[in-house]
> 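So that we are looking at the same thing, I have put the structure below in structure tokens.
Order of listing sets the numbers, starting from 1, for every ligand and every atom in it.
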Amino acid sequence: KGQLIVVGTGISVAGQMTLAAKSHIENADIVFMGIMNKVGEHAVKNLNPNSISLDDLYQEGKSRAVTYDQMADRIVQAVSDGHKVCVAFYGHPGVFVTPSHEAIRRVRELGLNAQMLPGVSAEDCLIADLGIDPSRFGCQSYEATQFLFRDYRIDPYMTQIIWQIGLAGEASLSVLDATHNQPGLVMLADILREHYPDNHELIIYEAATLPICEPKIQKILLSELTLAKLTLISTLVVPSLGLPEYRQDRLAKLGLTEQQVI
Ligand code: SAM
């Protein structure tokens, strides 16, 4: 009977794959890879020679929604053919990855077993490299194009993490590089200006994907955001303006004062 296990390989190919992920890759009949990185693919192929990339499904001009659907089709087909299938995505396989969730849903719908294991995501690396604890100010995390087009409530007292900043405003995400995004970036900067001063310092972050490489941490003022050099793996961090004021009414209800709250 076919089964599906979805694992993450981490962001850096140097040691971020969990032991459980490694073991599932080794023991699968077929491994599908959504790794976007030749060195990472090589590491997976070394563990299991029957590893096939899903990257051929990305094509300039083809909407990402179609690509993701085709990835899920390919995965589900192999499981329903009776194989023990492992799918390895880079990072955490459930963080900003549509086909992983979709394939699991469809396999379960067929009455077959499907499971996801957690992995080390770009956000995990970001927390470590930038020293930002999401609990310090609270944290809002979104996809750049959704951030532009949806009526989100942005709380500038929380850390903002904006993913896929290199594709901001790409409605169908049908391009394969991050150089065409100027109008989207201008709009994103305008939205941020409603909440932050022009001299607020933002961070464009790229975690290291290769051993001995350092992360790229580009600090840039909000007023200069549109000049930023972005790639498909850039993540934008907008640091918090600080902690919000206490709600005295709520403290009073519990008979507390600010000094009593940690
Ligand atoms: N599953 C991945 C994870 O767990 O991090 C995220 C995949 S999502 C489709 C792609 C986005 O993740 C990029 O546009 C970027 O925002 C972020 N990302 C991926 N690799 C990154 C890296 N090396 N450094 C910083 N952000 C990265």
Side-chain angles (χ1 to χ4, degrees), residues 6-18 21 32-41 44 54-55 57-58 63-69 71-72 87-104 116-132 134 139-148 159-170 172-181 184-185 188 202-220 225 228-238:
V6 180
V7 303
T9 57
I11 297 294
S12 171
V13 292
Q16 288 184 357
M17 188 191 291
T18 65
F32 289 112
M33 301 179 291
I35 298 188
M36 312 284 278
N37 163 335
K38 291 290 160 210
V39 184
E41 284 192 355
V44 171
L54 293 169
D55 290 353
L57 294 172
Y58 288 106
S63 141
R64 284 281 165 103
V66 173
T67 302
Y68 295 155
D69 204 46
M71 285 183 179
V87 185
F89 285 101
Y90 79 90
H92 185 310
V95 173
F96 289 78
V97 185
T98 310
S100 57
H101 294 288
E102 178 60 14
I104 287 178
M116 179 184 285
L117 299 187
V120 175
S121 72
E123 186 169 302
D124 295 315
C125 298
L126 181 156
I127 289 166
D129 286 333
L130 302 184
I132 294 176
C139 185
Q140 292 184 306
S141 189
Y142 0 54
E143 198 275 325
T145 300
Q146 295 291 322
F147 179 89
L148 288 188
T159 304
Q160 307 285 321
I161 301 182
I162 306 179
W163 301 65
Q164 304 204 145
I165 181 78
L167 294 175
E170 282 298 327
S172 66
L173 302 180
S174 61
V175 297
L176 296 180
D177 71 73
T179 53
H180 309 291
N181 66 337
L185 205 54
L188 196 131
L202 319 183
I203 302 165
I204 294 165
Y205 171 72
E206 276 182 36
T209 56
L210 297 172
I212 70 158
C213 289
E214 296 291 322
K216 289 191 190 140
I217 299 170
Q218 192 187 334
K219 295 197 171 162
I220 191 162
L225 179 61
K229 295 267 169 297
L230 301 172
T231 73
L232 290 180
I233 60 167
S234 305
T235 297
L236 177 68
V237 180
V238 185

> Has S100 got a side-chain atom pairing as donor or acceptor with P93's backbone, closer than 3.5 angstrom?
yes
> Can you find a heavy atom in the side chain of T145 that is under 4.5 Å from one in the side chain of Q164?
no
> Write none if no such pair exists; otherwise list each N/O atom of ligand 1 with its protein N/O partner under 3.5 Å and the distance.
from: ligand 1; atom 1: 1 (N); to: H92; atom 2: O; distance (Å): 3.0
from: ligand 1; atom 1: 1 (N); to: V95; atom 2: O; distance (Å): 2.8
from: ligand 1; atom 1: 4 (O); to: H92; atom 2: N; distance (Å): 2.7
from: ligand 1; atom 1: 4 (O); to: H92; atom 2: O; distance (Å): 3.3
from: ligand 1; atom 1: 5 (O); to: A122; atom 2: N; distance (Å): 2.7
from: ligand 1; atom 1: 14 (O); to: Q164; atom 2: N; distance (Å): 3.3
from: ligand 1; atom 1: 14 (O); to: L232; atom 2: O; distance (Å): 2.9
from: ligand 1; atom 1: 16 (O); to: Q164; atom 2: N; distance (Å): 2.9
from: ligand 1; atom 1: 16 (O); to: S234; atom 2: O; distance (Å): 3.1
from: ligand 1; atom 1: 16 (O); to: T235; atom 2: OG1; distance (Å): 2.7
from: ligand 1; atom 1: 23 (N); to: A207; atom 2: O; distance (Å): 3.1
from: ligand 1; atom 1: 24 (N); to: A207; atom 2: N; distance (Å): 2.7
from: ligand 1; atom 1: 24 (N); to: I233; atom 2: O; distance (Å): 3.4
from: ligand 1; atom 1: 26 (N); to: I233; atom 2: O; distance (Å): 3.0
from: ligand 1; atom 1: 26 (N); to: T235; atom 2: OG1; distance (Å): 2.8

> Between the side chain of Y205 and the main-chain N/O of A122, is any donor-acceptor distance below 3.5 Å?
no
> Taking only residues two or more places apart in sequence, or in another chain, which ones meet Y142 in a ring pair (Phe, Tyr, Trp, His ring centres under 6.0 Å)?
F147, Y152
> With a 4.5 Å cut-off on side-chain heavy atoms, are M116 and H101 touching?
yes
> I'd like to know if the side chain of Q16 and the backbone of S12 have a donor-acceptor N/O pair within less than 3.5 Å.
yes
